[in-house]
Amino acid sequence: MEATLGRFLLAVFLISAGFLVYLLVNRLVLRRAAQNESIPGARRGLPVILYFTTPDCLPCRTVQRPALQKVQAVWGERLQVIEVDATRQSDLASRWGVLSVPTTFLLDSRGKPRFVNHGATRAEKLLEQLNQLVRG
């Protein structure tokens with residue numbers, strides 16, 4: 001009984017520590033991204049989803065791109081989605097702290113990065129993040 005409780009507490013600790021590290025990494029990536037100049041082609045006054053991908057990224061094609069298309073269909077002209085090929089623009093990906101693809105950044109209407117998603121992100125989560133951007 002004691003050994004089981006000990007293992008359970010250890011698992012809770014490790015999961016909590018992993019989650020805290022994830023939050024810290026996201027905060028650091030956003031802080032680094034905020035130091036970048038404006039994105040070429042980004043229009044001021046609109047929220048932007050900056051989407052880093054590569055031509056050979058299967059989750060990008062099968063999960064992320066359809067999710068972004070769904071979000072774009074909902075938001076229409078009130079949103080700009082900018083796709084960046086991380087292999088062709090590796091310097092830009094590096095400046096933004098992109099370590100894997102797909103990675104999406106959500107920028108508010110002033111161009112400030114507010115959310116970062118590492119890996120494929122569902123349309124519902126992106127819509128929720130966009131609504132938080134608008135609410136301020």
Query raised in the report: Which distance, rounded to the nearest 0.5 Å, do you find between the CZ of R7 and the CG of L9?
Result: 12.0 Å

**Report entry** Main-chain N/O of C60 paired to Y51 side chain as donor or acceptor, under 3.5 Å
**Finding:** yes

Query - Neighbour count above 12 (heavy atom, 6.0 Å) for R78 CZ - result: yes

Requested in this report: Find out if a path of hydrophobic residues (ILVMFWY) with successive side-chain heavy-atom gaps under 4.5 Å connects F115 to V74.
Outcome: yes

Query raised in the report: Can you find a pair of side-chain heavy atoms, one from E124 and one from K70, that are under 4.5 Å apart?
Result: yes

Query raised in the report: Is it true that L99 and L50 fall in one hydrophobic cluster, defined by side-chain heavy atoms closer than 4.5 Å?
Result: no

Query raised in the report: Closest approach of R61 and P66, non-hydrogen atoms and distance?
Result: O-CD, 3.4 Å

Report task. Find out if a path of hydrophobic residues (ILVMFWY) with successive side-chain heavy-atom gaps under 4.5 Å connects L46 to L126. Result -> no

Report task. Kindly determine whether R95 and D91 satisfy side chain to side chain contact (heavy atoms under 4.5 Å, CB included), including the steps that lead there. Result -> CA-CA 6 Å; R95 283 198 315 267; D91 58 326; 3.6 Å; yes

Query - CG on L127 to CD on Q132, rounded to 0.5 Å - result: 11.5 Å

**Report entry** T62 side chain to L58 backbone, donor-acceptor under 3.5 Å
**Finding:** yes

Report task. Flag the pair I82 / V48 as yes when at least one side-chain heavy-atom distance between them is below 4.5 Å, and no otherwise. Result -> yes

Query raised in the report: Are V63 and V98 co-members of a hydrophobic cluster defined by side-chain heavy atoms under 4.5 Å apart?
Result: no

Query raised in the report: Do the side chains of P59 and C57 get nearer than 4.5 Å, heavy atoms only?
Result: yes

Query raised in the report: Are any non-hydrogen side-chain atoms of L92 and F52 less than 4.5 angstrom apart?
Result: yes

**Report entry** Contact check, side chains of L106 and P47, non-hydrogen atoms, under 4.5 Å
**Finding:** no

Query raised in the report: Once you round to the nearest 0.5 Å, how far does CZ of R44 lie from CD of Q80?
Result: 11.5 Å

Query raised in the report: Hey, are the side chains of T53 and P102 touching, using non-hydrogen atoms and a 4.5 Å cut-off?
Result: no

Query raised in the report: Looking at OG1 of T104 and CD of Q64, how far apart are the two atoms once the value is rounded to the nearest 0.5 Å?
Result: 5.0 Å

Report task. Please answer whether the main-chain N or O of T121 pairs with a side-chain N or O of N117 as donor and acceptor at a distance below 3.5 Å. Result -> no

Query raised in the report: Atom NZ of K112 and atom CG of L107: how far apart are they, to the nearest 0.5 Å?
Result: 10.5 Å

Query raised in the report: Has the side chain of R114 got a donor or acceptor atom that lies under 3.5 Å from a matching backbone atom of F105?
Result: no

Query raised in the report: From E83 CD over to I49 CD1, what is the distance, rounded to the nearest 0.5 angstrom?
Result: 12.0 Å

